[in-house]
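The model shown is predicted, which means the values in this text are computed figures rather than measured ones. When reading the values below, keep in mind they use all heavy atoms of this one structure, side chains included, and skip hydrogens, waters and symmetry mates.
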Amino acid sequence: MRSPAVHPRRSPALILAALAALLLSCLVTAPAQAALACGTANAAQGRPATASSTENAGTPASAAVDGNTGTRWSSAFSDPQWLQVDLGSPQDVCQVVLQWETAYATAFRVQVSADASTWTDVYATTTGTGGTQTLDVTGTGRYVRVHGTARATGWGYSLWELTVRTTTTTPPGGGDLGPNVHVFDPSMPASSIQSTLDSVFSQMESNQFGTQRHALLFKPGSYNVNANIGFYTSIMGLGRNPDDVTINGQVRVDAGWFGGNATQNFWRSAENLSITPPGGTNQWAVSQAAPFRRMHVRGNLNLAPTGYGWASGGYIADSRIDGTVQPYSQQQWFTRDSTIGGWLNGVWNMVFSGVEGAPAQSFPEPPYTTLANSPVTREKPYLYVDAAGAYQVFVPSLRQNTRGASWPGTGTSIPLTQFYVAKPTDTAATINAALAGGLNLLFTPGIYHVGQTINVTRPNTVVLGLGYATIIPDNGAVPLRVADVDGVRVAGLLFDAGAVNSPVLMEVGPPGSAASHAANPISVQDVFFRIGGAHAGKATTSLVVNSDHALIDHIWAWRGDHGTGIGWTVNTADTGLIVNGDDVTAYGLFVEHYQKYQVIWNGQRGRTVFFQNEMPYDPPGQAAWMNGSTRGYAAYKVADSVTAHEAWGLGAYCYFNVDPSIVAERGFEAPVNPNVRFHSLLTVSLGGNGTINHVINNTGAAAQGTATVPVKIVSFP
């Protein structure tokens with residue numbers, strides 16, 4: 001018979017230490033838990049609103065919930081009066097903010113209801129002060145009502161805005177990056193890594209309108225592989241700086257899938273790594289929405305497909321190319337804040353801003369437009385792993401009058417635990433709850449359907465997409481709105497219009513935004529818009545920028561000219577970009593095929609460096625494409641009210657393939673003012689399919705004829 005084991009005695013100190021270690025282990029390994037909080041989003045904004053009365057047609061109930069503090073609801077001049085809003089579903093209301101006009105209530109109640117019939121008071125006063133009243137309340141209801149019983153003036157009740165905030169469950173931050181993010185480590189066999197790269201490329205090489213999305217992430221180290229990059233694929237280094245990851249091989253884009261024509265090599269990217277190409281030259285033959293950002297090429301960079309077929313790109317930023325950039329057949333290209341060993345040639349429109357080694361200004365021949373420095377920049381946020389192996393997002397600092405690559409640069413690191421890591425199954429409500437709880441937002445690769453607006457309201461929020469994460473609005477929703485606050489960064493997303501028309505796909509600041517963001521602007525980087533192509537889609541305007549000092553750094557707004565759901569009355573879209581904010585700076589605007597003005601610039605002191613446009617291909621006839629009595633719409637319109645604006649390196653092209661007799665009266669329109677200045681602009685008729693009668697206003701000869709020769713203007717006025 002075996003005797004029981006005898007355990008040595010343990011001291012109380014040892015026992016306490018063991019318990020402490022066990023508790024610490026639980027704290028480290030336990031998953032983050034959701035938390036309840038009063039959200040920051042306005043649950044009333046854009047919701048149906050009704051009132052007991054309105055003063056006139058210009059002060060409807062809806063004006064108090066439109067997010068615009070320049071519009072208001074005003075009632076009849078009697079008591080009592082009320083305004084109510086339908087939140088759409090029962091909500092736990094935790095705060096109501098009333099922004100009164102001068103005609104405010106001295107006595108009123110805030111009420112909630114499940115059915116808009118039986119009301120429960122959550123706040124009441126007889127000593128209302130007017131102005132902005134922030135009321136912390138507790139109550140549950142689908143409907144919220146402000147019920148006034150006594151007025152401070154002889155006028156009616158008048159509210160600029162009613163804000164309703166609700167209790168939200170904040171999802172936990174951090175987590176895995178999902179199945180479409182492929183993370184490689186230098187300890188992995190090169191053959192295994194190559195197999196994954198080849199498998200992804202095989203799926204994505206010609207998958208122009210598919211639903212698959214991929215991100216290829218390389219941890220710091222050296223890799224002996226070749227990465228061919230297809231549609232909706234991003235290759236990225238996970239080092240703090242590009243030279244932390246070296247690919248001894250090609251990071252390559254060619255156009256074999258399309259017969260050697262690279263004009264449809266869209267939606268792919270390379271970022272934050274170095275390339276040592278065999279033979280000394282790396283090939284990157286792309287067109288729109290294919291940024292080459294924060295890259296180091298230890299050799300030459302060839303931008304043309306094998307056989308030198310056409311390409312129509314493209315964009316380089318914050319990069320170093322030790323050898324020569326070789327555009328060959330590229331029609332236009334934009335390079336910003338980089339260092340290059342040389343530049344080979346130019347076709348129509350080659351623009352450089354803050355590029356060391358760029359060719360000298362020489363437009364019109366050779367067609368080089370060169371700015372010594374970029375006036376104001378802030379590089380795109382990016383994901384990396386720190387020394388402990390944890391994911392961080394680096395957020396670069398704002399810079400002025402920049403030249404050359406920024407790295408190693410200054411900025412701040414945000415741990416992934418402070419991001420909500422979104423998956424395609426997430427709803428807009430879940431994403432909004434995460435944002436309202438103070439988290440940033442990381443979209444993993446995939447397709448996201450949203451039936452309501454994602455609202456970014458907290459200053460300095462980072463919204464970052466991986467692998468061309470794609471947001472599709474359902475039921476005509478506006479998929480993303482950014483409040484007029486400092487420092488929001490939105491980067492790496494594709495917005496794809498839904499079947500029901502959306503008024504706008506992304507809005508930066510509400511109408512009437514007026515706050516200064518000079519020290520910390522909102523930025524929009526590598527953000528792309530699509531109407532039609534993958535499916536029939538409609539959106540009146542793709543991007544509206546209302547906030548002052550915003551930075552736009554590389555967009556492609558595309559009303560589709562091929563694919564599924566294409567037609568003059570099918571994928572309808574008026575305008576790609578409207579800028580209402582003052583002091584907005586844009587680099588790398590690619591805007592194509594919209595049915596009216598492609599870009600409308602209403603703000604003062606705007607700046608654009610590089611603009612590439614094709615007018616709509618498909619007007620069925622001149623009568624269908626008239627701007628009043630004017631034939632067609634200009635590609636780039638500076639409003640008559642603007643007194644200061646400047647732009648460099650702009651091209652507008654026509655290809656009216658349904659009716660080649662169509663005429664666009666001009667490529668560009670602007671008020672004649674010495675402070676509204678254009679430099680290096682051109683128009684082209686592609687193969688003689690249509691005519692652009694003047695370059696800007698009534699200046700410049702007609703672009704026409706089958707020779708496809710640009711008409712160029714060095715400066716205007």
### Task
Using the ring of Y468 (Phe, Tyr or Trp, six-membered ring only), decide whether R213 places NZ or CZ under 6.0 Å from its centre and within 45 degrees of its axis.
no
### Query
Does the side chain of N248 come within less than 4.5 Å of S222's, by heavy atoms?
yes
### Query
Any side-chain heavy atom of R320 sitting closer than 4.5 Å to one from M295?
no
### Task
Evaluate the criterion side-chain hydrogen bond (donor to acceptor under 3.5 Å, both in side chains) for residue pair S542 and Y594; output intermediate values, then yes/no.
CA-CA 10 Å; S542 289; Y594 288 82; 2.7 Å; yes
### Message
If you apply the rule ring pair (Phe, Tyr, Trp, His ring centres under 6.0 Å), what do you find for F611 with F590, and how did you get there?
### Response
CA-CA 6 Å; F611 169 74; F590 298 77; 9.0 Å; no
### Task
Kindly state whether the ring of Y368 and the ring of F363 have centres lying under 6.0 angstrom apart.
no
### Task
Decide yes or no on ring pair (Phe, Tyr, Trp, His ring centres under 6.0 Å) for H214 and F201, but give the supporting numbers first.
CA-CA 10 Å; H214 294 277; F201 180 65; over 10 Å; no
### Query
Shortest non-hydrogen contact from N349 to L650?
ND2-C, 3.9 Å
### Message
With heavy-atom distances below 4.5 Å as the criterion, would you say the side chains of Q208 and N265 are in contact?
### Response
no
### Task
I would like to know whether Y653 and L682 meet side-chain contact (heavy atoms from CB on, under 4.5 Å); could you show each step before the answer?
CA-CA 8 Å; Y653 322 133; L682 61 90; 3.6 Å; yes
### Query
Do S287 and S312 have side-chain N/O donor and acceptor atoms under 3.5 Å apart?
no
### Query
Would you say the side-chain atoms of S199 pair up with the backbone N or O of L197, donor to acceptor, closer than 3.5 Å?
no
### Query
Given Q330, which of V325, N345, L303 fulfils the side chain to side chain contact (heavy atoms under 4.5 Å, CB included) condition?
L303
### Donor-acceptor side-chain pairing of W558 and D561 below 3.5 angstrom
yes
### Task
Kindly give the heavy-atom pair with the smallest separation between V225 and F218, and that separation in Å.
CG2-CE2, 4.4 Å
### Message
Measuring centre to centre across the rings, with the benzene-like ring taken for any Trp, is F352 within less than 6.0 Å of W333?
### Response
no
### Message
If we count only N and O atoms by modelled type, under 3.5 Å, do the side chains of D553 and Y315 hold a donor and an acceptor together?
### Response
yes
### Message
Both conditions, 6.0 Å and 45 degrees, for the charged tip of R677 above the ring of W648: are they met here?
### Response
no
### Query
Aromatic ring centroids of F266 and W556 under 6.0 Å?
yes
### Message
Are Y223 and F184 an aromatic pair, judged by ring center distance below 6.0 Å?
### Response
no
### Task
Apply side-chain hydrogen bond (donor to acceptor under 3.5 Å, both in side chains) to the pair D198 and Q194, showing each step before the final yes or no.
CA-CA 6 Å; D198 291 346; Q194 189 66 58; 2.9 Å; yes
### Query
Do M506 and V527 come within less than 4.5 Å of each other through their side chains, counting heavy atoms only?
yes
### Summary
So CG of D583 and CG of L551: to nearest 0.5 Å the spacing works out to 11.0 Å
### Query
Does the cation-pi check pass for R336 over Y587, that is, NZ or CZ under 6.0 Å from the six-membered ring centre and within 45° of its axis?
yes
#### Entry: Test item: W348 and T708 side chains (from C-beta on) under 4.5 Å apart, heavy atoms
yes
### Message
Could you go through W284 and R252, starting from their C-alpha distance and side-chain angles, then the distance that decides it, and tell me whether this counts as side-chain contact (heavy atoms from CB on, under 4.5 Å)?
### Response
CA-CA 5 Å; W284 187 257; R252 179 172 178 261; over 6 Å; no
